[in-house]
J.: 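Dropping a structure here in structure tokens format, bear with me for questions.
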Amino acid sequence: MQGKIPIVHFSLERTLKCGQTFRVFEKDGWFLYPYGNSVVALKQNGNTLEYKVFGVPLSEEAVRNLLGLNDDIETINNELAQRVSGFAKVIDKTLGIRIMRQVPFETTVSFMFSVQSAIPLIRRRLNVLSELAGEKIDTPFGAFYTFPESRNLRKLSDSEVQSLKLGFREKWFREFIERYDENALTEVSRMPFSEKERALLKIKGVGIKVAHCIMLFSMNELSAFPVDVWIKRGMEELFSVKGTTKKVTEKGREMFGKYAGYAQEYIYYYIRKRRGAEGGT
DNA sequence: TGACAGGAAAATA
DNA sequence: TATTTTCCTGTC
């Protein structure tokens with residue numbers, strides 16, 4: 001299962017490395033991304049995106065949707081540049097980033113694990129988890145593991161859970177897999193914005209930042225605006241906006257409107273690149 | 001080795 | 001309701 005997709009205004013590398021996803025691997029010039037019960041191999045050559053799917057087949061449309069290729073990026077960028085003066089220069093330096101449409105259950109666990117943690121540590125925890133309870137998929141690029149299903153997460157032994165080194169997050173994770181499954185998160189993803197936010201905030205270990213990450217990266221809410229330390233730095237440096245996470249979240253959504261999530265990714269990438277953090281290219 | 005990085009929840013004012 | 005404190009693992 002493979003194909004080529006013509007693309008414009010798209011950077012595969014920036015999209016996969018801007019912090020919205022953790023489990024992406026690089027091999028032989030390809031990016032490998034476990035997605036549901038598939039592994040997607042992706043490679044960009046200029047205006048062509050080449051893909052191969054292993055495990056459960058995916059349509060070209062599914063691959064496009066996953067990578068945000070159905071978003072009308074010119075309209076989005078014009079809207080953002082028009083609403084906020086001075087933002088065009090940020091867009092210029094971050095061109096090609098798309099918001100992915102990931103799996104809600106996996107995204108929730110991923111960002112719960114991300115609390116007070118740096119990206120390499122988050123990635124390690126998720127990879128250990130997938131190797132412990134995910135399905136192995138063999139590809140010509142090597143073997144990769146799918147993100148585990150909730151019923152398999154519940155079978156993990158205490159020592160296996162402890163091997164994730166979750167620290168104070170461990171009790172959140174245990175409670176989460178006890179009380180929630182894929183269907184529960186799919187239900188949430190069908191709610192309108194405010195109800196989604198409220199439902200997500202009920203999950204222990206999910207605060208306002210994580211809730212907005214889940215909505216933006218896996219629940220099709222392009223107006224969500226996750227605020228972490230990098231966004232706080234960026235919003236202060238670029239727009240002199242400062243305050244609590246809640247205040248900056250509200251201000252960002254108000255400033256940028258229905259595509260605030262795209263603005264957030266641009267700011268995140270822009271600031272991290274400037275500070276030389278991991279993930280900037 | 002001690003300072004620092006990184007959000008949510010509980011405690012406190 | 002707003003602010004402070006506590007919680008863990010890992011890097012430098």
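Model, not experiment: these values are computed from the prediction. In the text below, chain A, chain B and the rest are named by the order of the sequence lines, each starting its count at 1.
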J.: Within this structure, what is the CD-to-P distance between A/Q116 and C/dG10, rounded to whole angstrom?
T.: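 After rounding, the reported distance stands at 14 Å.
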J.: Could you tell me the separation between the CG atom of A/L126 and the C1' atom of C/dT9, rounded to a whole number of Å?
T.: 15 Å
J.: What integer distance in Å separates A/K165:NZ from C/dT9:P?
T.: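 Going from A/K165 (NZ) to C/dT9 (P), I get 7 Å.
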J.: Is the phosphate of B/dG6 approached by A/R272 (side-chain N or O, under 4.0 Å from OP1 or OP2)?
T.: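 No, A/R272 has no side-chain N/O under 4.0 Å of OP1/OP2 on B/dG6.
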J.: Within the pair A/W230 and B/dG6, is there a side-chain N or O less than 4.0 Å away from OP1 or OP2?
T.: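 Checking B/dG6 against A/W230, a side-chain N or O does come within under 4.0 Å of OP1 or OP2.
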J.: Determine all donor-acceptor pairs shorter than 3.5 Å in which one atom belongs to a side chain in residues 81-99 of chain A; sequence neighbours excluded.
T.:
unit_1: A/R83; atom_1: NE; unit_2: A/M255; atom_2: O; d: 2.9
unit_1: A/R83; atom_1: NE; unit_2: A/F256; atom_2: O; d: 3.4
unit_1: A/R83; atom_1: NH2; unit_2: A/E254; atom_2: O; d: 3.1
unit_1: A/T94; atom_1: OG1; unit_2: A/V90; atom_2: O; d: 3.0
unit_1: A/T94; atom_1: OG1; unit_2: A/I91; atom_2: O; d: 3.3
unit_1: A/R98; atom_1: NE; unit_2: A/H9; atom_2: O; d: 3.3
unit_1: A/R98; atom_1: NH1; unit_2: A/G68; atom_2: O; d: 3.1
unit_1: A/R98; atom_1: NH1; unit_2: A/D71; atom_2: O; d: 3.3
unit_1: A/R98; atom_1: NH2; unit_2: A/V8; atom_2: O; d: 3.0
unit_1: A/R98; atom_1: NH2; unit_2: A/H9; atom_2: O; d: 2.9

J.: In whole angstroms, how far is the P atom of C/dG10 from the CD1 atom of A/I122?
T.: 13 Å
J.: Can you measure A/F22 atom CZ to B/dG6 atom P for me and round it to whole angstrom units?
T.: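 Nearest whole value for this atom pair: 13 Å.
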J.: May I ask you to check if A/R233 and A/W230 form a cation-pi contact, with NZ or CZ under 6.0 angstrom from the six-membered ring centre and within 45° of the axis?
T.: yes
J.: Sequence neighbours left out, what passes salt bridge (Lys or Arg N to Asp or Glu O under 4.0 Å) with A/E237? Give chain and number order.
T.: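 So A/E237 forms a salt bridge (Lys or Arg N to Asp or Glu O under 4.0 Å) with A/R274, A/R275.
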J.: Just how far, in rounded Å, is P of B/dG7 from CZ of A/F111?
T.: 10 Å
J.: Distance check needed: C/dT3 P versus A/K246 NZ, whole Å only.
T.: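 For the pair A/K246 NZ and C/dT3 P, the rounded distance is 12 Å.
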J.: Using residues 199-214 of chain A as the side-chain source, report each donor-acceptor pair under 3.5 Å to any protein atom, sequence neighbours left out, with the distance given to one decimal.
T.:
unit_1: A/H212; atom_1: ND1; unit_2: A/F225; atom_2: N; d: 3.0
unit_1: A/H212; atom_1: NE2; unit_2: A/E197; atom_2: OE2; d: 2.7

J.: Counting primed atoms plus P, OP1 and OP2 as sugar-phosphate and everything else as base, spell out the protein contacts along nucleotides 8-13 of chain B at 4.0 Å heavy-atom distance: B, S or - for each nucleotide, 5' to 3'.
T.: SSS---
J.: Applying side-chain contact (heavy atoms from CB on, under 4.5 Å), can you list everything that pairs with A/R151, at least two apart in sequence or on another chain?
T.: A/E149, A/R154
J.: Respond yes when some side-chain nitrogen or oxygen of A/R233 is under 4.0 Å from OP1 or OP2 of B/dG6, and no when none is.
T.: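 Checking A/R233 against B/dG6: at least one side-chain N or O falls below 4.0 Å of OP1 or OP2.
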J.: Applying side chain to side chain donor-acceptor pair (under 3.5 Å), which residue pairs with at least one partner in residues 54-69 of chain A are found, sequence neighbours left out?
T.: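 Sorted result for residues 54-69 of chain A: A/E61-A/N70, A/R64-A/N70.
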J.: Is A/I119 reachable from A/F25 through a run of hydrophobic residues whose side-chain heavy atoms are each under 4.5 Å from the next?
T.: no
J.: Could you check how far CZ of A/R169 sits from C1' of C/dG10, rounded to whole Å?
T.: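 Computing the A/R169:CZ to C/dG10:C1' distance gives 10 Å.
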